[in-house]
Amino acid sequence: MTNSENENSLPIEALSKDGFIIDQALTKGLNYGRLSSDINGCGWIAMYNMMHALMLKTSYQNVYQKMNDILIYHGYLGTPMKTMKAFLDMSELSYQIVKGKNNALKSALISEVGIIRYFEGNELHFVTYQRKDNDQYRFFNAISGKHDHLLSMNDFFTQHCRLPFVLVIVLK
């Protein structure tokens with residue numbers, strides 16, 4: 001491991017056994033813009049988790065560095081959609097952004113993997129989901145440290161997406 005990789009290392013407890021980042025609170029050592037990732041890193045974390053769910057060969061360090069390089073507003077506004085789109089465009093993934101709670105839910109229900117942006121309390125939060133069996137989805141970094149956060153998409157939207165300002169990033 002190189003020095004820069006060592007500086008960008010997360011504690012093992014921040015990761016699930018299968019390599020997803022599941023505890024944003026444990027990313028405090030990684031500055032994302034001018035703030036630490038435990039405060040504003042859900043965007044790069046969601047992007048890494050989506051890439052990992054797609055089984056694309058990349059490390060969280062690589063996603064973190066690339067997103068940090070293109071982050072606007074020094075991270076004071078978290079990860080703006082402009083940064084999320086720029087990263088996806090660089091990755092050459094074909095994606096669609098669907099806005100509005102009802103439309104986002106419909107799109108998420110027919111996708112295998114994606115990212116949901118919703119309000120968690122007073123702040124926007126990005127979470128990755130991956131379809132599993134029996135209409136269940138696994139959610140990453142929605143509840144800190146939860147390894148197997150399994151819910152139906154409808155239950156997730158009911159429990160977490162209380163405001164109508166929801167969007168989802170789905171791959172085409």
Side-chain angles (χ1 to χ4, degrees), residues 1-93 95 97 108 113-130 137-151 156 159-161 165-171:
M1 187 179 283
T2 68
N3 252 359
S4 65
E5 285 177 331
N6 208 10
E7 291 169 10
N8 294 339
S9 292
L10 294 176
I12 194 73
E13 298 84 10
L15 301 167
S16 66
K17 291 176 183 161
D18 52 349
F20 292 94
I21 299 174
I22 56 167
D23 198 338
Q24 183 175 340
L26 297 177
T27 65
K28 189 174 187 172
L30 296 177
N31 282 344
Y32 188 53
R34 293 197 177 145
L35 302 171
S36 62
S37 287
D38 62 317
I39 296 169
N40 70 342
C42 63
W44 78 260
I45 291 168
M47 196 61 73
Y48 163 73
N49 283 337
M50 185 176 76
M51 304 290 269
H52 190 64
L54 293 168
M55 294 186 263
L56 298 174
K57 300 250 186 248
T58 191
S59 65
Y60 69 80
Q61 293 97 333
N62 186 313
V63 173
Y64 159 75
Q65 190 60 58
K66 284 182 179 178
M67 289 200 63
N68 208 1
D69 289 346
I70 61 173
L71 182 64
I72 57 176
Y73 311 124
H74 305 290
Y76 288 124
L77 299 177
T79 306
M81 281 305 297
K82 186 174 184 176
T83 302
M84 298 293 274
K85 289 181 202 178
F87 182 86
L88 286 165
D89 291 343
M90 286 188 319
S91 301
E92 298 182 1
L93 292 171
Y95 65 95
I97 296 172
V113 101
I115 294 173
I116 302 170
R117 186 189 77 178
Y118 62 98
F119 274 93
E120 186 69 51
N122 296 330
E123 299 183 11
L124 285 169
H125 188 53
F126 288 103
V127 166
T128 303
Y129 64 87
Q130 179 182 37
Y137 293 79
R138 186 174 173 200
F139 297 89
F140 304 99
N141 195 40
I143 298 176
S144 283
K146 189 154 186 174
H147 286 261
D148 286 317
H149 184 190
L150 295 172
L151 287 173
F156 184 86
Q159 293 173 24
H160 294 274
C161 304
F165 312 108
V166 177
L167 68 76
V168 0
I169 301 169
V170 292
L171 301 179

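Computed from a prediction, not measured in an experiment: that's the story for all the values here. Counting begins at 1 with the first residue of the sequence.
Take Tyr95 and apply the side chain to side chain donor-acceptor pair (under 3.5 Å) test, not counting sequence neighbours, and it matches Asp89.
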*ring pair (Phe, Tyr, Trp, His ring centres under 6.0 Å) between Phe156 and Tyr118: does it pass, once the steps are laid out?*
CA-CA 11 Å; Phe156 184 86; Tyr118 62 98; 5.5 Å; yes
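Asn141 contributes a side-chain N or O that, together with a main-chain N or O of Gln24, makes up a donor-acceptor pair within less than 3.5 Å. No donor-acceptor pair closer than 3.5 Å links the side chain of Thr83 to the backbone N or O of Thr79. A side-chain donor-acceptor contact under 3.5 Å links Tyr60 to the backbone of Leu10. Remark: the backbone N or O of Asn31 is paired with a side-chain donor or acceptor of Tyr64 at under 3.5 angstrom.
Smallest separation of non-hydrogen atoms from Ser9 and Gln61: OG-NE2, 4.5 Å. Between Leu124 and Cys42, the shortest heavy-atom contact is O-SG, 4.3 Å. Listed here is the closest heavy atom pair of Met51 and Ser91: CE-OG, 3.8 Å.
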Let me have the donor-acceptor pairs involving side chains of residues 34-41, under 3.5 Å, with sequence neighbours excluded, atom names and distances please.
from: Ser36; atom 1: OG; to: Asp38; atom 2: OD1; distance (Å): 2.2
from: Ser37; atom 1: OG; to: Leu30; atom 2: O; distance (Å): 2.8
from: Ser37; atom 1: OG; to: Trp44; atom 2: NE1; distance (Å): 2.9
from: Asn40; atom 1: ND2; to: Tyr32; atom 2: O; distance (Å): 2.9
from: Asn40; atom 1: ND2; to: Gly75; atom 2: O; distance (Å): 2.9

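Taking CE from Met81 and CD1 from Ile72, the interatomic distance works out to 11.0 Å, rounded to the nearest 0.5 Å.
Residues Val127 and Ile115 have side chains not in contact (no heavy-atom distance under 4.5 Å, counting atoms from C-beta outward).
Using cut-offs of 30° and 60° for the angle between ring planes, the Tyr129 and Phe139 rings count as tilted.
A salt bridge is defined here as a Lys NZ or Arg NE, NH1 or NH2 lying under 4.0 Å from an Asp or Glu carboxylate O, and Lys17 with Asp148 fails to meet this definition.
When each of Arg138, His52, His147 is paired with Asp18, the side-chain hydrogen bond (donor to acceptor under 3.5 Å, both in side chains) condition holds for Arg138 and for no other.
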